[in-house]
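Structure record follows, encoded as structure tokens.
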Amino acid sequence: MAAMTDAISAAPRAGRLASVDALRGLVMIVMAIDHVRDFVHRGAMFQSPTDLATATPSLFLTRWITHFCAPVFMLTAGMGAYLFWRNGGRTRRELSRFLVTRGAWLIVLELSLMQVAYNFNLSSSNPIFLLVLWVLGACMIVLSALVWLPLEALAVLSVATITLHNTLDGIRAQALGTLAPVWILLHQVGAFPFAGRIFIAAYSLIPWFAVMALGFCLGPIFSKDADTRRRRLMVLGAGMTIAFLAVRALNIYGDPSRWTTQPAGVFTVLSFLNTTKYPPSLAFLLMTLGPALMLLSAFDRVSFSRSHPLIVFGRVPLFYFVLHFFLAHVAIVVLALGTYGTAAMQFMFQPLPSMGGPAKAFPPDFGYPLWVAYAVWAVIVIGLYPLCRWFAAVKERGGRWWLSYL
């Protein structure tokens with residue numbers, strides 16, 4: 001334990017920014033709420049938390065707050081790539097090679113270990129989910145090529161893609177014949193067969209790669225003096241937030257789902273906030289990235305200790321991500337055993353209804369109230385802290401090339 005403490009109190013590696021780690025750590029904590037809800041909450045088994053016809057404000061906001069997670073992952077991954085390159089004294093070729101290999105590694109993890117976490121079995125009848133790790137990995141591979149562009153050109157490409165990609169909403173995979181799977185991977189949520197399995201892609205490459213590239217283009221901001229850096233992040237974040245309010249208020253372009261006036265004022269507000277994540281619309285990205293950049297500016301003014309939970313979680317995001325999925329799944333198995341006894345073993349080791357599993361195989365009232373999901377979330381996050389702190393110390397000591405992939 002003393003060795004662990006000494007390692008954690010050692011100087012941080014060059015190139016890390018506490019503000020970026022803290023922002024990433026915050027969204028890691030928030031992200032777990034949604035994933036635990038997917039496994040534990042009764043409503044997750046049969047309804048959408050953003051369906052205003054059935055959702056309560058508390059359920060909607062539980063889901064809505066987690067909308068910030070994926071955009072921040074992408075943005076900070078791009079920032080991290082820039083800092084890895086510039087602050088690490090690496091060549092552009094070394095950066096490109098690292099992005100390709102790390103991206104490929106994340107895709108391998110998605111197709112293997114994470115499928116076990118989602119389903120607790122590897123039956124060939126299960127669909128294969130292409131979720132966050134898949135798109136992070138694929139975007140890193142795309143970025144490995146884009147980093148050869150001049151930074152100004154890459155910035156224009158990123159902003160143009162984020163701004164204009166909703167013009168592609170009218171193209172439907174069903175009309176593209178054999179190219180349908182390609183379009184699903186690029187810009188449409190959907191399922192497609194491949195190699196005798198069904199693949200379900202929830203995260204599309206467009207415009208996620210542009211968000212990562214935008215983060216890369218923002219990297220030079222961190223070479224500025226503190227006041228300039230904070231001011232630019234705040235102005236950019238505020239501008240994006242104001243742009244969201246304007247785009248959403250016009251209700252003409254920027255999201256395929258229009259907001260509408262509801263019988264109750266609070267639901268009109270929720271309708272306004274109910275932007276499209278799959279694929280992420282212009283309104284969705286402005287709504288999430290704007291406040292995230294303002295928060296990053298605020299975090300840049302804070303002196304975080306190395307043991308602060310936001311820093312600890314933010315420095316080992318992949319380690320945290322994999323473990324929290326397994327723990328969330330273990331939690332619902334334990335809860336089911338407590339409720340249904342050994343009979344739970346007959347249905348718990350197959351995909352849950354919220355993960356595309358057969359609802360008829362589960363009890364009709366399967367799942368637990370939202371407060372139970374929050375309680376499980378708190379236990380998982382608190383339990384992960386010492387493990388993540390230990391692994392953060394291992395990474396800080398370094399000395400092994402493969403640690404940069406974890």
Side-chain angles (χ1 to χ4, degrees), residues 15 20 24 70-112 114 130-168 171 173 176 178-189 192 194 199 201-223 278-280 282 285 289 317-318 401-402 404-406:
V20 175
R24 187 187 296 116
V72 170
F73 292 158
M74 289 294 172
L75 193 75
T76 57
M79 292 175 176
Y82 181 89
L83 296 172
F84 175 87
W85 174 38
R86 285 306 195 189
N87 292 359
R90 297 173 176 87
T91 66
R92 203 183 298 263
R93 185 177 300 277
E94 288 173 326
L95 168 63
S96 185
R97 182 168 60 246
F98 175 74
L99 288 170
V100 167
T101 53
R102 182 170 174 81
W105 167 237
L106 291 177
I107 293 173
V108 168
L109 277 180
E110 183 75 273
L111 295 176
S112 56
M114 294 311 299
L130 300 177
L131 302 180
V132 176
L133 292 190
W134 130 257
V135 78
L136 272 169
C139 288
M140 285 182 179
I141 294 172
V142 173
L143 185 61
S144 73
L146 295 179
V147 295
W148 293 91
L149 293 173
L151 206 60
E152 295 80 4
L154 182 56
V156 171
L157 173 64
S158 303
V159 172
T161 302
I162 290 170
T163 304
L164 301 175
H165 83 94
N166 282 121
T167 61
L168 304 174
I171 302 174
L176 298 179
T178 57
L179 293 179
V182 176
W183 190 244
I184 287 173
L185 293 176
L186 288 176
H187 198 257
Q188 182 180 323
V189 176
F192 60 90
F194 180 76
F199 286 73
Y203 289 82
S204 307
L205 269 173
I206 304 173
W208 285 122
F209 86 86
V211 177
M212 186 179 290
L214 179 64
F216 186 85
C217 294
L218 291 176
I221 287 180
F222 295 101
S223 65
Y278 304 109
L282 169 62
L285 292 174
L289 291 176
L318 182 58
W401 64 268
W402 50 267
S404 62
Y405 289 82
L406 301 175

Nearest heavy-atom neighbours spanning [X] and [Y]:
X: Ala104; Y: Ile141; value: N-CD1, 4.0 Å
X: Ile206; Y: His187; value: O-CD2, 3.5 Å
X: Ser204; Y: Val189; value: OG-N, 4.2 Å
X: Ser223; Y: Pro220; value: OG-O, 2.6 Å
X: Phe199; Y: Phe194; value: CE1-O, 3.4 Å
X: Ala77; Y: Met212; value: CB-CE, 3.9 Å

Spatial distance of atom [atom1] ([X]) from atom [atom2] ([Y]) [nearest 0.5 Å]:
X: Phe209; Y: Leu136; atom1: CZ; atom2: CG; result: 14.5 Å
X: Phe222; Y: Arg86; atom1: CZ; atom2: CZ; result: 15.5 Å
X: Leu151; Y: Leu218; atom1: CG; atom2: CG; result: 9.0 Å
X: Leu289; Y: Met74; atom1: CG; atom2: CE; result: 11.0 Å
X: Ile184; Y: Leu179; atom1: CD1; atom2: CG; result: 11.5 Å
X: Met79; Y: Cys217; atom1: CE; atom2: SG; result: 10.5 Å

Side chains of [X] and [Y] in contact at under 4.5 Å (non-hydrogen atoms):
X: Leu130; Y: Val135; answer: no
X: Leu106; Y: Met140; answer: yes
X: Cys139; Y: Leu205; answer: yes
X: Thr161; Y: Val211; answer: no
X: Leu168; Y: Leu186; answer: no
X: Leu176; Y: Val182; answer: no
X: Val142; Y: Trp208; answer: no

Using atom types as modelled and distance alone, determine if a side-chain donor or acceptor of [X] lies under 3.5 Å from a backbone N or O of [Y].
X: Trp134; Y: Tyr203; value: yes
X: Thr101; Y: Phe98; value: yes
X: Glu110; Y: Leu133; value: yes

Once the angle between the rings of Phe216 and Tyr82 is folded into 0 to 90°, is it parallel (under 30°), tilted (30 to 60°) or perpendicular (over 60°)?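 Geometry flag for Tyr82 against Phe216: perpendicular rings.
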
With sequence neighbours excluded, tell me which residues meet side chain to side chain contact (heavy atoms under 4.5 Å, CB included) with Arg92.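 Here the qualifying residues are Trp85, Val147, Trp148.
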
